[in-house]
Amino acid sequence: MAYRGGGGHGHPHSAALNVSPRSLPTCRTHTHSICMVSDFFYPNMGGVESHIYQLSQCLIERGHKVIIVTHAYGNRKGIRYLTNGLKVYYLPLKVMYNQSTATTLFHSLPLLRYIFVRERVTIIHSHSSFSAMAHDALFHAKTMGLQTVFTDHSLFGFADVSSVLTNKLLTVSLCDTNHIICVSYTSKENTVLRAALNPEIVSVIPNAVDPTDFTPDPFRRHDSIITIVVVSRLVYRKGTDLLSGIIPELCQKYPDLNFIIGGEGPKRIILEEVRERYQLHDRVRLLGALEHKDVRNVLVQGHIFLNTSLTEAFCMAIVEAASCGLQVVSTRVGGIPEVLPENLIILCEPSVKSLCEGLEKAISQLKSGTLPAPENVHNIVKTFYTWRNVAERTEKVYDRVAGEAVLPMDRRLDRLISHCGPVTGCIFALLAVFNFLFLMFLRWMTPDSFIDVAMDATGPKGAWTYPHPYGRKQGDNNEVSQVR
Amino acid sequence: MVLKAFFPTCCASADSGLLVGRWVPEQSSAVVLAVVHFPFIPMQVKELLAQVQQASRVSIAVLGTWCHHRQEPEESLGHFLEGLGAIFSHDPWLQLCRERGSKFWSCKATRRQVPTSFGAPGEDQVMLVFYDQRKVLLSQLHPPAALPDRQAGDATASAGGLAAVFDTVARSEVLFRSDRFDEGPVRLSHWQSEGVEASILVELAKRASGPICLLLACLLSLVSAVSTCWVFKLWPLSFIWSKLSTCEQLKHRLEQLKLIFSPQKAENPSQLMRKANILVSVLLDVALGLMLLSWLHGKDRIGQLADALVPVADHVAEELQHLLQWLMGAPAGLKMNRALDQVLGRFFLYHIHLWISYIHLMSPFIERILWHVGLSACLGLTISLSILSDIIALLTFHIYCFYVYGARLYCLKIYGLSSLWRLFRGKKWNVLRQRVDSCSYDLDQLFIGTLLFTVLIFLLPTTALYYLVFTLLRLLVVTVQGLIHLLVDLINSLPLYALGLRLCRPYRLAAGVKFRVLEHEAGRPLRLLMQINPLPYGRVVHTYRLPSCGCHPKHSWGSLCRKLFFGELIYPWRQRGDKQD
Amino acid sequence: MCAQPVANTKEIRWQKVLYERQPFPDNYVDRRFLEELRKNIYARKYRYWAVVFESSVVVQQLCSVCVFVVIWWYMDEGLLAPQWLFGTGLASSLIGYILFDLVDGGEGRRRSGRTRWADLKSALVFITFTYGFSPILKTLTESVSTDTVYAMSVFMLLGHLIFFDYGANAAIVSSTLSLNMAIFASVCLASRLPRTLHAFIMVTFAIQIFALWPMLQKKLKARTPRSYVGVTLLFAFSALGGLLSISAVGAILFALLLVSISCLCPFYLIRLQLFKENIHGPWDEAEIKEDLSRFLS
Amino acid sequence: MEDKMSFFDICGGRLALQRRYYSPSCREFCVSSPRLSLRLLTVVTCTVWLAAYGLFTLCENSMILSAAIFVTLLGLLGYLHFVKIDQETLLIIDSLGIQMTSSYASGKESTTFIEMGKVKDVIINEAIYMKVIYYLCILLKDPGEPDGISQVVPVFQMEIMKFRQIKNCLLSSCFAQFTGWAVGLVRDSFQEGPMRPEPRPF
């Protein structure tokens, strides 16, 4: 019912979770109380957001306590509860640049500390290296002596000046993080290089898609014509320029070829220009921005899924498409080759020519009918990536981390200086000291004993599903089921 | 559900009888309105109730019995009261009883269907809520939305909760008409309005008010007809009217007076309140105006004013001249472009010269003008104040001119500079996309642009200084006028009547109610005292403030500073919007 | 699924795929880790003299600024008659104009489609406007203190040098801005000169040296590199000579500057190439090779 | 009958909660904070006056002293009249309404009475308010649409730490028909209104 009140309808994965008693693990080792910190969360949409949401739900299902901390989105501020009493703090922090908060490394300490204390958090799990709040949380958590885990969702180059700077900052921020999770082996190599980490403390846990969301539906597509689907944000990194080259090439060659393009972005204009120029209004459909729940309905209308990304850590789109039984044609960049086996994907070089060849190969297979049936593809892909698996593996990371010892202040400073180079190291060591003093001051102002302990509402056996004397229980059950 | 009996405090000392009132089933509350004393004939009681009911459209019934033991309780009365229940069948049947001495009452409610719930005294089913009948009758609950509309007959549907109680009491006013002295068939005891004579006077006033209103209304319509005649619609005149605050004020007053003396009655209390507020404010206004008039026309103050006025204007002009001289030198050590400085200075000096001659031209007539203006004060203080502000505007016309010239010049410079600065950076403003694009200029374009840019940027300080000085002067004048207009608006819009009411009769404007728990003894019904929670002053003003003829441009400070910086013209508060003319 | 000890990994080789559950812990590090790491794929090899040749553009610009300042100083001191400067300027620009067409046989003109009439027109515009404005320019900054003017012009000339288009494609380069700054500086300086005529001629000279001369340079450099080198040397020496006649120290410093820019900096550039370590791998953002504009043109 | 118990408020000060039962259908809860501490008062006054005196010694202007006295007096008055709440009373009369009275140190009392008909629910809400706090609040029905919330009325201005300790004695005993863990909202955005509260056992 959080949704109704919050005015947000549905959720990244409204139909995601079917919590039922049998899915509860019978024997628990010992439960953690985890705090997921990231700037990116619902109502914002994207890979990171859904990752955080699904992971938290599965962890709750496994009996852990999970809370999420993010910044306020417009009118959505304060504290909200999502399904299964997943508690979300929308903190009133200033948003600086595309949904990432401004960081001073200090201003967020009071609130975060208050939350960590009142929720009795033991593990801080930050997401996405683009999120300033996540790095702040790591910093503060170390100051407060908490265990930290960081999940990196993105790849960076090393070529240009900006990346040099960001990599340095990442080095600093990860130098005393207990464990790092990457979504693919390429991403792991990248992160290890960027942050100069010991690869032993970097785990690879891929993203997952919910197979029940992406089921094939062969009757939705017309077999008289061939439809190529593209679903991505229309930006440079997603290779929209390549797409603008591919469309005319193929449309001239195959009269029975249609394109459906879902997604919004600054590069949409060039696609429209191409459509204008080659008179393809009836064959190229631009759907604009898609709700996540509509993606499946778009995918099943097509035979071939085209992904033209120029860089990807772990491309969820192709997994979703394959799960819907489409033949995937994609560029060979980043972690994409690791994601799907060769028989399900056609990999090409990031150039119009190569991609066109790949597409033609797919089209010829389609015409000759040598493509596997969508159901079979779905049944294969379904087994690859599930959130429960992700949750289990993440749990292992937590168990391992919980065993480790947190560096005391002096060792932390040494590590900073030794690990991040003399100049940066010293600067950040100084900042760490300031942060520590600030924390001391806060503890003096409001001692931890004065901080009220929040009650734990999470989990199927959490406060939300107690039998309720006043006869409103029934109604609420109904609502919960609506929400799910 | 606990049964709530609302009992008027004035009946607490009445001797035994029947409880007459209304039963509100949905809150299971009984609103006792009056007590019928013995002896009575049941038929007559029923008749009376029927009359009241069809007069007030409230379902009034006999709710139960009331016995007040003055002396030692006689059993017979008790039994008799029990019996009455059979005659006036009501469900539930209340039995209130007050012993002598103890201030705790016993009270029980009987239901026919369920004899088990026979409330033995001391069983706490009933809750007694005392209320002051008069206050509840007179008070008006806020927000008025809670009030039921009189057209739709049934109260129970419209009003809910306490609003229902208030409404019931307010409607059954008919019941209270019959007072102690006249010998009706039935003897009631309830709140009595004192001061019958006063009410007679009120009646007379009401009678008289009708024709007077009619007469005045005719006069006013005549005046307004004249004011709307086409002669005043010609271009220059209409423009002037729209600019003169006096005319605005006059129009405003005219409409208000029309509203007051309109023959038709005010249908809901808020309109009545509005009329009263307007009337009071107009009266106060006129009174103040008369005081001013008497002060002015006493021992030739006008003459003194007139003699004072011309030298003041001269003096101002002198000061301005000095200021200009100063500017033409090296003001505050700023070195400005000599040539431009000279030109501007001379230009303005010539203006001042014109102005002085104008003042001297009209100096002989000033006294007469002032005298007539003084007469206008009898129309009200606000009128004379707005006339004053107009006079100020006229007398400082030269400052206005300076300001306009300075602002225009400065504005031109700023815009030229901004566009040239774009050219300087090799950018240009794209009108279609509403953004700055980069563009490649020709060599000669660049050259000329930069040349102009350099020239403008070096001449900017001079113009900026002139602009600054005259803007400051202008702002001074505008603030003075603004203050005057604020005063006028205060007088226009303050709901004086409502405030007075809140001050003297707090219960008339009720924000709600509050309860006090009277001292209570176990086994007796709980007794609450319902008091009226008066409306706070802030909300009184907020609710009842009159619409002022507010045509101020709503300058936020940010926008004001922005306009000042870009040299757009700023107008006194009275000018509608911020139109450039 | 991934908790088994790493003992039985002999028979099963670790493979770099995510869709299979492999009997390795999640943080397992294979020896194939980072095998796709490449270094310095796109590193360019520089040849010394080529770099020196390229650096001559900077030298040219420095020299022209220097020459401009020197000339201004002469006129301010009254050692140089404006008419003379005007004559030489006119003559040199005429020669330059002819050269401009001779060097590429008027082929560039044909491509740009610019007529001689247009050239004449813009020339007239220059002359007339400068002449018309020169009285204003004269009185423009008289109330501003001299130091301010100097500071401003120095600042502007530096800006001109910074933003000038030396052929590198960086975001900071903006030929328009640099030219404008130069003109601004020239106007500031010109307004300090004793008479209106001086101001007029100073500004025209500024146009010639800052607007026209670089165009000719570019063409020379493209067409006849040898002569370009010669011109550069000539120009540099003339600038040095002029500066020498004002102050020896300044001349020496300027010479050092020129030498360091044209000889030392290239040397260091090539030295530093050895330390370059540029990491590439599958995570790099692929750049699009072919030009996609053809689909839209 | 009545009973008292004492709690800490959110900044560690002492609060006393006191319950009165007039009858099964009418209860009163009153949270009272300690009176204005003399020490604090003296400290503040002395600091202000000393500062004023310092200024006075710098610039020989006796206006400063008088101004200081004036300021302290005004400040004290304002503090007592608008800020310092001595006790807050919550009177619940079944089937009639809820009455909240907060009495300031200066004796000023502000009372609001809410009819039961208007009350939609009573919940403990969680809010971010420089720190994260629990507070009790009453949700008013929106006359327009059902299960809409027109307004949120916070009940006790003095936030009580360990609010959950006393939720029993507050919620269970007085709002038998109401329930309460709300979903939180930022304290300063009441117009947004929280979502419907979760049913909770007490």
Side-chain angles (χ1 to χ4, degrees), chain B residues 326-346 409 412-413 416-430 436-466, chain C residues 112 114 118-145 148-149 152-153 156 159 163 165 171 173-191 199-200 203-204 206-208 210-212 214-215:
Chain B
W326 178 67
L327 284 177
M328 286 163 71
L334 294 172
K335 299 198 197 58
M336 307 192 295
N337 190 301
R338 186 171 33 75
L340 187 62
D341 204 13
Q342 292 299 328
V343 173
L344 289 174
R346 297 231 178 76
L409 204 58
L412 268 175
K413 278 241 162 92
L417 270 178
S418 60
S419 52
L420 283 176
W421 169 241
R422 270 187 237 110
L423 176 139
F424 191 83
R425 297 186 342 246
K427 304 266 195 296
K428 79 172 198 299
W429 175 253
N430 185 336
V436 175
D437 291 351
S438 64
C439 126
S440 67
Y441 292 92
D442 295 350
L443 202 53
D444 41 6
Q445 285 172 331
L446 281 181
F447 172 67
I448 295 165
T450 318
L451 215 56
L452 283 175
F453 180 75
T454 328
V455 170
L456 282 187
I457 213 168
F458 278 110
L459 292 188
L460 185 63
T462 317
T463 24
L465 190 66
Y466 273 85
Chain C
S112 67
R114 184 175 168 84
D119 296 348
L120 185 62
K121 222 166 41 180
S122 42
L124 281 177
V125 168
F126 286 140
I127 302 293
T128 44
F129 265 86
T130 329
Y131 196 76
F133 271 109
S134 48
I136 304 182
L137 299 183
K138 181 71 192 61
T139 63
L140 201 54
T141 64
E142 63 185 6
S143 61
V144 184
S145 79
T148 321
V149 175
M152 213 181 309
S153 26
M156 285 291 165
F163 293 113
D165 179 9
V173 170
S174 149
S175 55
T176 326
L177 183 54
S178 71
L179 176 60
N180 283 333
M181 285 177 130
I183 296 175
F184 192 99
S186 66
V187 171
C188 287
L189 287 178
S191 66
F200 163 61
V203 175
T204 28
I207 297 161
Q208 285 162 353
F210 288 125
L212 306 177
M215 294 161 82

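It should be emphasised that the depicted structure is a prediction, and the values quoted were computed from it without experimental measurement. These values consider heavy atoms only, across backbone and side chains, with no hydrogens, waters or symmetry-generated copies. Just so we're on the same page: letters track the sequence lines, and every chain starts at 1.
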**Report entry** Heavy-atom check, side chain of B:Phe447 versus side chain of C:Val125, under 4.5 Å
**Finding:** no
**Report entry** Point-to-point distance, once rounded to the nearest 0.5 Å, from CD of B:Gln445 to OG of C:Ser122
**Finding:** 11.0 Å
Query raised in the report: What distance separates C:Ile207 CD1 from B:Leu446 CG, expressed to the nearest 0.5 Å?
Result: 11.0 Å
Query raised in the report: If we only count heavy atoms from C-beta on, is the B:Ile448 to C:Phe126 side-chain gap below 4.5 Å?
Result: no
Report task. Select, from C:Leu137, C:Thr176, C:Asn180, the one with the greatest count of heavy-atom pairs under 4.5 Å involving chain B. Result -> C:Asn180
Query raised in the report: Quick one: of B:Phe424, B:Phe458, B:Tyr441, who has the most non-hydrogen atom pairs under 4.5 Å with chain C?
Result: B:Phe424
Query - Side-chain touch B:Leu443/C:Leu212, heavy atoms, less than 4.5 angstrom - result: yes
Requested in this report: Measure C:Ile136 against the heavy atoms of chain B and call it side chain, backbone, both or neither at under 4.5 Å.
Outcome: side chain
Query raised in the report: Distance from B:Leu451 atom CG to C:Ile183 atom CD1, nearest 0.5 Å?
Result: 8.0 Å
Query raised in the report: B:Leu452 versus chain C, heavy atoms under 4.5 Å apart: side chain, backbone, both or neither?
Result: side chain
